[in-house]
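Below: one structure, written as structure tokens.
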Amino acid sequence: MDFIKRRTELAERNWHDVECRAAASTWHDTSRKFDYQYMFEWAGRPIIQDPQDICALQEIIWTYQPNVIVETGIARGGSLVLSASILAALAYGEFLHGQSAKQRTVIGIDIDIRSHNRAAIECHPLGPMIELVEGSSTAADVVAQVSTKLHGKVMVILDSNHTRDHVLRELEIYAPMVSEDSALLVMDTGIEYAPPASFNVERPWGPGNSPMVAVADFLATEAGAQFEQDRSIEKRHLLTCAPGGLLIRKKACEQTTTLRNVPAVPTPE
């Protein structure tokens with residue numbers, strides 16, 4: 001039996017099963033009420049993600065093997081450490097096979113990097129792989145700093161302010177930094193479908209003003225036509241905060257000339 005083929009078939013079955021999807025959605029909405037996403041750590045640092053998204057992140061990094069990962073929004077640093085750990089594993093694998101390990105870096109951007117979080121990240125065993133930039137992810141001086149740190153293959157994760165306007169501006173700025181055949185992951189697109197009552201705190205974002213709306217608007221642009229959504233991991237995991245948020249920059253030969261004929265982001269079934 002071809003394992004990957006069979007797994008894909010099972011994922012498609014589950015994805016199209018109304019009862020299965022409803023159970024995953026109910027669990028996700030309920031779990032947020034109890035701050036479930038705050039319960040996890042990666043290599044000693046709190047990581048505010050669902051376990052399925054933690055697993056998805058390592059799959060994406062391992063698949064595309066970037067030299068640089070740019071992350072907007074760092075919270076307590078767990079996601080930065082996760083990214084650094086997978087990049088470190090890639091480098092160590094190169095070393096074990098007698099190859100020269102490639103230089104790999106994680107760049108974390110946040111409008112407010114608190115001193116205790118900065119100290120914990122910088123003192124972490126993987127701290128030397130992580131560069132911190134404080135300021136708004138859309139500010140010109142921050143973008144200029146980040147641009148000077150890029151090398152090789154670049155991947156981007158957007159997880160800061162989740163309003164439509166902010167995320168769309170981030171997409172306009174950071175999408176061109178993403179290398180061909182690499183990933184751009186927009187987190188928390190699921191806000192579009194989440195009942196506001198399932199969140200314990202009030203935020204300026206919500207249905208109609210979410211990362212999902214920004215993704216749809218971006219994909220309808222000429223720049224967005226260089227990307228395509230990849231739902232393969234989402235279909236397998238079922239539970240994610242980022243439905244439709246994984247965008248892959250196509251190789252130049254795969255980019256169509258009909259740049260504006262881009263479908264809108266599909267609504268979960």
Inset, instruction - Output the distance between atom CZ (Arg76) and atom CD1 (Ile47), rounded to the nearest 0.5 Å. - result: 13.5 Å

Inset, instruction - List the atom of Phe218, the atom of Leu171, and the distance in Å for their closest heavy-atom pair. - result: CB-CD1, 3.6 Å

Legend entry - Asn67 CG to Gln103 CD distance, which is reported to the nearest 0.5 Å: 8.0 Å

Inset, instruction - Give every residue pair that meets the salt bridge (Lys or Arg N to Asp or Glu O under 4.0 Å) criterion with at least one member in residues 42-52, sequence neighbours excluded. - result: none

Legend entry - Any donor-acceptor N or O pair under 3.5 Å, side chains Asp53, Thr240: yes

Legend entry - Heavy-atom pair of closest approach, residues Ala24 and Leu239: O-CD1, 4.1 Å

Inset, instruction - Establish, from distance only, whether the side-chain atoms of Glu59 and His237 form a donor-acceptor pair under 3.5 Å. - result: yes

Inset, instruction - Please list, chain by chain and in numerical order, all residues satisfying ring pair (Phe, Tyr, Trp, His ring centres under 6.0 Å) with Trp42, sequence neighbours excluded. - result: none

Legend entry - Close side-chain approach of Val70 and Leu150, heavy atoms under 4.5 Å: yes

Inset, instruction - Using salt bridge (Lys or Arg N to Asp or Glu O under 4.0 Å) as the criterion, list what pairs up with Arg118, not counting sequence neighbours. - result: Glu122, Glu134

Inset, instruction - Report the residues that fulfil salt bridge (Lys or Arg N to Asp or Glu O under 4.0 Å) with Asp141, sequence neighbours left out, ordered by chain and then residue number. - result: none

Legend entry - Side-chain heavy atoms of Leu246 within contact of Arg231, under 4.5 Å: no

Inset, instruction - Could you tell me which residues satisfy side-chain hydrogen bond (donor to acceptor under 3.5 Å, both in side chains) with Ser179, sequence neighbours excluded, listed by chain and number? - result: none

Legend entry - Residue list, side-chain hydrogen bond (donor to acceptor under 3.5 Å, both in side chains) with Ser232, at least two apart or on another chain: Asp230

Legend entry - Check: Leu80 and His124 side chains under 4.5 Å, non-hydrogen atoms: no

Inset, instruction - Classify the side-chain pair Ser137/His166 by whether it contains a donor and acceptor separated by less than 3.5 Å. - result: yes

Inset, instruction - Could you list the residues that satisfy salt bridge (Lys or Arg N to Asp or Glu O under 4.0 Å) with Lys102, not counting sequence neighbours? - result: none

Legend entry - SG-CG distance between Cys55 and Leu57, expressed to the nearest 0.5 angstrom: 9.5 Å

Inset, instruction - Could you tell me whether a side-chain N or O of Thr148 sits under 3.5 Å from a main-chain N or O of Gln145, the two making a donor and an acceptor? - result: yes

Legend entry - Check: Val143 and Met177 side chains under 4.5 Å, non-hydrogen atoms: yes

Inset, instruction - Taking the side chain as every heavy atom from C-beta outward, state whether Val81 and Ile130 have any atom pair closer than 4.5 Å. - result: yes

Name the atoms and distances for all side-chain donor-acceptor pairs under 3.5 Å in residues 107-116, with sequence neighbours left out.
from   : atom 1 : to     : atom 2 : distance (Å)
Asp110 : OD1    : Asp112 : N      : 2.9
Asp110 : OD2    : Ile74  : N      : 2.9

Inset, instruction - May I ask you to say whether Glu9 pairs ionically with Lys5, meaning some side-chain N is under 4.0 Å from a carboxylate O? - result: yes

Legend entry - Sequence-distant partners of Glu131, side-chain hydrogen bond (donor to acceptor under 3.5 Å, both in side chains), two or more places apart: Lys149

Inset, instruction - Please name all residues satisfying side-chain hydrogen bond (donor to acceptor under 3.5 Å, both in side chains) with Ser31, sequence neighbours left out, ordered by chain then number. - result: Gln37

Inset, instruction - Indicate the atoms forming the closest heavy-atom contact of Ser79 with Glu71, along with that distance. - result: OG-OE1, 2.8 Å

Legend entry - Heavy-atom side-chain contact between Val178 and Phe227 under 4.5 Å: yes

Legend entry - Nearest non-hydrogen partners of Ala183 and Ile60, listed with the distance: CB-CG2, 3.7 Å

Inset, instruction - Please answer whether the main-chain N or O of Thr26 pairs with a side-chain N or O of Thr30 as donor and acceptor at a distance below 3.5 Å. - result: yes

Legend entry - Shortest non-hydrogen contact between Arg249 and Pro176, atoms and distance: NH1-O, 3.3 Å

Inset, instruction - Over all heavy atoms of both residues, which pair between Ala56 and Ile233 is shortest? Give the atoms and the distance, please. - result: CB-CG2, 3.7 Å

Inset, instruction - Kindly state each residue pair satisfying side chain to side chain donor-acceptor pair (under 3.5 Å) with at least one member in residues 90-99, sequence neighbours excluded. - result: Glu94-Arg104

Legend entry - Separation between CG of Leu158 and CZ of Arg169, rounded to the nearest 0.5 Å: 12.5 Å

Legend entry - Results of salt bridge (Lys or Arg N to Asp or Glu O under 4.0 Å) for Arg164 - residues two or more places apart only: Asp217

